[in-house]
Amino acid sequence: MDLPSLLLCILLEVLAVNCLDVAQERIVGGYAPVPHSIKYIVSIQTTERQHICGGSLINKYWTITAAHCDIGIKNMMIVAGDYSLTIYEGTEQEIMPHLLVPHPEYNETTNNNDIMLIKLRAPVYLNNYVSIALLPRQDASIAEGRMCRVSGWGFVSPNGGEIPSTLRTVKLPIVSTQNCNSSQSFDGSITGNMLCAGFSAGGKDACQGDSGGPLVCEGRVYGLVSWGRGCAEPQFPGVYTAVSKYRRWIDNTIFSYYSRCDKD
Ligand SMILES: *[C@@H]1O[C@H](CO)[C@@H](O)[C@H](O)[C@H]1NC(C)=O
Ligand SMILES: *[C@@H]1O[C@H](CO)[C@@H](O)[C@H](O)[C@H]1NC(C)=O
């Protein structure tokens, strides 16, 4: 690992400790994508417009994110079509949530089933800045070494200073569950509902994107940023919720609220 990377990691470790309560992590070693080229990503914010988590639009009424992003329906707002969080671009659509559906078996201790669906109070308007993400089929697997893209916005500094916060993105390879779950890495904490991604070689480090944000492989959201160990050290990749394990739950949940003729 070169010195600048090392310093960055130390800094991030310090920030991560200060930010433990908010459980946010940010993209490191990535770059700013072309504005509005990643159209399915949303920023989940407090009603005071503080960015908390990322999410993805899976249809006009529903967003997918991590269960640990549940800050309560009264405090939450969804922003689609965003790029810079600090500049008003005229492309943003702010929508209040109508319903939060965290996975009923989400376990805060083990991070198992870290997935949540959010029904929006009004449909997003699909345009050049806002679109829908595709999901993998139930139990679809993604091979080790496959390159995937994770995107997200950085956190707001604990000192109150705002980081210029345009969207960031980075490409990472999938790490096998066997390696990720080994005693050299997460030592048995990886369940079959999790996916690991990150570089195994030292030097080029990447941290996870914002919690709840999308890990996209082969054009589909295979992972949701879930947990990790601060800045991704070589043997500690980022851990993601494996969305393909929940495709049936997602479809059933959306269908059950649809068939209830849920009034908005
Ligand atoms: C979470 O998982 C741990 C470890 O398996 C278990 O002891 C605990 O009861 C679980 N908590 C809930 C709320 O299910
Ligand atoms: C990870 O290791 C633990 C402990 O050996 C084991 O119980 C668990 O099933 C493993 N996870 C997977 C996905 O194989």
Side-chain angles (χ1 to χ4, degrees), residues 4 7-9 11-57 63-66 68-97 118 120-122 124-131 133 149-171 205-216 221 224-225 228 230-231 238:
L7 290 174
L8 186 57
C9 281
L11 174 65
L12 280 156
E13 287 288 350
V14 171
L15 289 174
V17 168
N18 290 337
C19 291
L20 266 186
D21 284 346
V22 219
Q24 293 166 331
E25 296 180 62
R26 60 190 298 244
I27 304 280
V28 169
Y31 58 94
V34 173
H36 306 293
S37 57
I38 300 171
K39 305 174 194 209
Y40 48 79
I41 195 166
V42 298
S43 163
I44 297 176
Q45 304 186 358
T46 66
T47 45
E48 282 83 44
R49 295 195 160 70
Q50 196 207 340
H51 173 82
I52 297 290
C53 276
S56 308
L57 289 165
T63 292
I64 195 169
T65 186
H68 78 263
C69 294
D70 188 350
I71 55 166
I73 195 161
K74 288 212 177 74
N75 302 318
M76 188 187 278
M77 167 173 105
I78 316 299
V79 186
D82 218 345
Y83 180 67
S84 164
L85 293 178
T86 49
I87 300 168
Y88 176 72
E89 295 152 298
T91 54
E92 299 90 345
Q93 297 182 44
E94 297 181 352
I95 303 154
M96 305 306 284
I118 302 173
L120 306 176
R121 207 181 271 181
V124 290
Y125 179 66
L126 302 181
N127 57 24
N128 285 339
Y129 311 100
V130 177
S131 73
R149 173 186 300 283
V150 62
S151 311
W153 284 275
F155 53 77
V156 175
S157 147
N159 311 325
E162 305 229 329
I163 295 163
S165 40
T166 58
L167 187 63
R168 311 275 307 171
T169 189
V170 69
K171 280 182 140 188
D205 278 336
C207 276
Q208 291 164 245
D210 279 329
S211 288
L215 177 76
V216 173
V221 180
L224 309 176
V225 178
C231 184

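Reckoned from all heavy atoms, side chains included, excluding hydrogens, waters and symmetry mates. Everything numeric here is computed off the predicted structure, so don't read it as measured data.
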Item to complete: Of all the heavy-atom pairs spanning Leu85 and Ser43, show the shortest one and how long it is.
Response: CD2-OG, 3.8 Å

Worksheet item: Which pair of heavy atoms, one from His36 and one from Gly81, lies closest together, and at what distance?
Response: CE1-O, 3.3 Å

Practice prompt. Measure from the side-chain N and O atoms of Thr65 to the backbone N and O of Gly54, and report whether any donor-acceptor pair falls under 3.5 Å.
Written response: yes

Item to complete: If a pair satisfies side chain to side chain donor-acceptor pair (under 3.5 Å) and one of its residues is in residues 87-96, list it, with sequence neighbours excluded.
Response: Arg49-Glu94

Worksheet item: How would you list, by chain and number, every residue that makes a ring pair (Phe, Tyr, Trp, His ring centres under 6.0 Å) with Tyr40, sequence neighbours excluded?
Response: none

Discussion item. To the nearest 0.5 Å, what is the distance between CG on Asp82 and NE2 on His51?
Written reply: 10.0 Å

Worksheet item: Which heavy-atom pair separates Ala80 from Val124 by the least distance, and what is that distance?
Response: CB-CG1, 4.3 Å

Worksheet item: Closest heavy-atom contact between Ser56 and Val42?
Response: N-CG2, 4.1 Å

Worksheet, complete the sentence: In this structure, OG of Ser131 is separated from CD1 of Ile41 (nearest 0.5 Å) by 11.0 Å

Response to the item:
Tightest non-hydrogen contact, residues Gly212 and Leu224, listed as O-CD2, 4.0 Å

Practice prompt. Grab the two heavy atoms, one from Ile44 and one from Met76, that are nearest each other, plus how far apart they are.
Written response: CG2-CG, 3.8 Å

Practice prompt. Measure from the side-chain N and O atoms of Thr169 to the backbone N and O of Val150, and report whether any donor-acceptor pair falls under 3.5 Å.
Written response: yes

Item to complete: Answer yes or no: is there a donor N or O on one side and an acceptor on the other, between the side chain of Tyr83 and the main chain of Pro33, under 3.5 Å?
Response: yes

